[in-house]
J.: 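Have a look at the structure that comes next, please.
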Number of protein chains: 2
Amino acid sequence: MLRLTKKADYGLMALKYLAEQAQCPSASQPISGAASAKAIADAYHIPPQLLAKILQTLAKAGLLVSHAGTNGGYALARDAHDISAFEVIRAIDGPLFITSCITIHGTCDLAGHCTIKEPLRKVNDSITDLLSKLRIADLIEHADHPPDAALAGGLVTIAR
Amino acid sequence: MLRLTKKADYGLMALKYLAEQAQCPSASQPISGAASAKAIADAYHIPPQLLAKILQTLAKAGLLVSHAGTNGGYALARDAHDISAFEVIRAIDGPLFITSCITIHGTCDLAGHCTIKEPLRKVNDSITDLLSKLRIADLIEHADHPPDAALAGGLVTIAR
DNA sequence: AGAAGCAAGACTCATTTGGTCGCATATTGT
DNA sequence: ACAATATGCGACCAAATGAGTCTTGCTTCT
Ligand code: FES
Ligand code: FES
């Protein structure tokens, strides 16, 4: 249930990588804090070609700026604080939603006799909200923060 | 993204149906508030055989009690207030989670170089929480409650 | 006995994902 | 100018998952 696709996962990783790059810009880059698709793919051991396509999608969505040519690459279009995980996921996976019934036709096949829709929509909204509040800057965990025992005892996910 | 499977959707609908049945029990049922798989499938126009399997799964998970034979059927094992949407979804879709990386092996293939995991886990927990709080009793909307303009202006889901 | 119902599995078909290849185009260092 | 390094885009493919069907057997009620 509620699975995030690998592409979205990769996308978030890449974004995080770029956000870190932006913090400590190295010498003479056409765009500050840029990195090539291959470099990022290499860093995380993910298929370079696939990552390339993901980054292109992200660029088209306006979350990244790209620059071709030697020493080119991608960089964040905005500040890391201004990009939400929701945007990233939506850009990659498309606006699919929990209800499994919002189709292209606007209404569900079951519309009318499905009474479940509205309550689920609220859940959906909450999740959207949640994801919107999570910005990619938040993904950068400063290793110096103390382990929060507050949220210990979380769920244990057992294999299916 | 974050799609609920149709099976889970069906399951929730069925549960709701049974919850309503339980409220106004009709005459001489082996179990109070019971309905056959076919009856429910009929009511919502969903494939009977498929629903049957879903209900069986739910029964195995202990959310429903079943009774074979003429006038048999399924009924809620517990009160509608004591069954969360989370349980239903988990029973049907299995404990898949947002991260797409929690595998049977316990750790992800990318473990080590994936830095995204922890923040996403928190999101995951929040969603779990959300779903756990939604009980199937909540799905029964009494038509007499006023339309809450408070949550108007929610997301507009556009076709992909 | 026979009908109504659940239980369980194998099996098919369509969709979605994850991933690859090839080629075109843009940029830049030398 | 030219080669090296990148992105941009589309077609393509294989594996996994999802949705739904079929068959066979068991249980209970009338
Ligand atoms: S499944 Fe479409 S409205 Fe519920
Ligand atoms: S994808 Fe598995 S830990 Fe991030």
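Just so you know, these numbers come straight off a predicted model, no measurement behind them. The chains referred to below are lettered A, B, ... by the order of the sequence lines, with proteins before strands, and numbering in each begins at 1.
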J.: Which whole-number value in Å describes the distance from A/Leu4 CG to C/dT16 P?
T.: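 Rounded to whole Å, this separation is 17 Å.
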
J.: Looking at every non-hydrogen atom in both residues, tell me the closest pair between B/Leu76 and B/Val65 and how far apart they are.
T.: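 Heavy-atom minimum between the residues: O-CG2, 4.1 Å.
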
J.: Just the rounded figure in Å: distance from C1' of C/dT17 to CG of A/Asp9.
T.: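 Taking atom C1' of C/dT17 as the reference, CG of A/Asp9 is at 14 Å.
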
J.: I need the minimum non-hydrogen distance between B/Leu50 and B/Lys7, along with the two atoms involved.
T.: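 Heavy-atom minimum between the residues: CD1-CE, 4.2 Å.
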
J.: Within less than 4.0 Å of OP1 or OP2 of C/dA7, is there a side-chain N or O belonging to B/Ser66?
T.: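 For C/dA7, OP1 or OP2 has a side-chain N or O of B/Ser66 closer than 4.0 Å.
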
J.: Looking across every strand, which nucleic acid part, if any, lies under 4.0 Å from B/Ala59 by heavy atom: base, sugar-phosphate, or nothing?
T.: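 Touches nothing.
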
J.: Do A/Gln56 and D/dG8 share a donor-acceptor pair, side chain to base, under 3.5 Å?
T.: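 Check passes, donor-acceptor contact within cut-off.
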
J.: Checking all strands, does B/Ala37 fall into the base, sugar-phosphate, or nothing category for heavy-atom contacts under 4.0 angstrom?
T.: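 Since only primed, P, OP1 and OP2 atoms lie under 4.0 Å of B/Ala37, the category is sugar-phosphate.
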
J.: In this structure, how many angstroms lie between the P atom of D/dG18 and the CD1 atom of B/Ile92, rounded?
T.: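 Distance check: B/Ile92 CD1 to D/dG18 P gives 12 Å.
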
J.: Locate the shortest heavy-atom distance separating A/Gln56 from A/Tyr74; write the atom from each residue and the value.
T.: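 Heavy atoms only, the tightest pair is CG-OH, 3.4 Å.
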
J.: Provide, to the nearest angstrom, the distance between the NZ atom belonging to A/Lys7 and the P atom belonging to C/dT20.
T.: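 A/Lys7 atom NZ is separated from C/dT20 atom P by 12 Å.
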
J.: Taking the basic N atoms (NZ, or NE/NH1/NH2) and the acidic carboxylate oxygens, is any pair closer than 4.0 Å for B/Arg121 and B/Asp125?
T.: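 Between B/Asp125 and B/Arg121 there is no salt bridge, as every charged N stays at least 4.0 Å from the carboxylate O atoms.
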
J.: Check nucleotides 24-27 of chain C against the protein and report each pair of N or O atoms closer than 3.5 Å, with its distance, or say if there are none.
T.:
residue : atom : partner : partner atom : Å
C/dT27  : O3'  : A/His67 : NE2          : 3.4

J.: Please determine whether a side-chain nitrogen of the Lys or Arg among A/Glu20 and A/Lys16 lies less than 4.0 Å from a carboxylate oxygen of the Asp or Glu.
T.: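 Yes, this pair counts.
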
J.: Would you kindly give the CG-to-P distance between A/Leu18 and D/dT7, to the nearest whole Å?
T.: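 A/Leu18 atom CG is separated from D/dT7 atom P by 11 Å.
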
J.: Rounding to a whole Å, what distance do you find between B/Gln49:CD and C/dT12:C1'?
T.: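 About 14 Å, once rounded to whole Å.
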
J.: State, to 0.1 Å, how close A/Ile140 and A/Ala19 come at their nearest heavy-atom pair, and which atoms those are.
T.: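 The pair with the smallest heavy-atom distance is CD1-CB, 3.7 Å.
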
J.: Which pair of non-hydrogen atoms, one from B/Ala52 and one from B/Ala37, has the smallest distance, and what is that distance?
T.: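 It is CA-CB, 4.1 Å.
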
J.: Could you list all N or O pairs between the protein and nucleotides 11-15 of chain D that sit under 3.5 Å apart?
T.:
none

J.: Taking OP1 and OP2 of D/dG18, is either one under 4.0 Å from a side-chain nitrogen or oxygen of B/Tyr10?
T.: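 Checking D/dG18 against B/Tyr10, no side-chain N or O comes under 4.0 Å of OP1 or OP2.
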
J.: Which atoms form the tightest heavy-atom contact between B/Arg78 and B/Asp82, and what is the distance?
T.: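 So the minimum-distance heavy-atom pair works out to NH1-O, 2.8 Å.
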
J.: Any chance you could lay out the side chain to side chain contact (heavy atoms under 4.5 Å, CB included) test for A/Ile40 and A/Leu18, step after step, and finish with the verdict?
T.: CA-CA 8 Å; A/Ile40 304 176; A/Leu18 289 172; 4.0 Å; yes

J.: Rounded off to whole Å, could you give me the CG-to-P distance for the B/Leu50 and D/dA19 pair?
T.: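 To the nearest whole Å, that distance equals 8 Å.
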
J.: In whole angstroms, how far is the P atom of D/dG20 from the CD1 atom of B/Ile46?
T.: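 Rounding to the nearest Å, CD1 of B/Ile46 and P of D/dG20 are 9 Å apart.
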
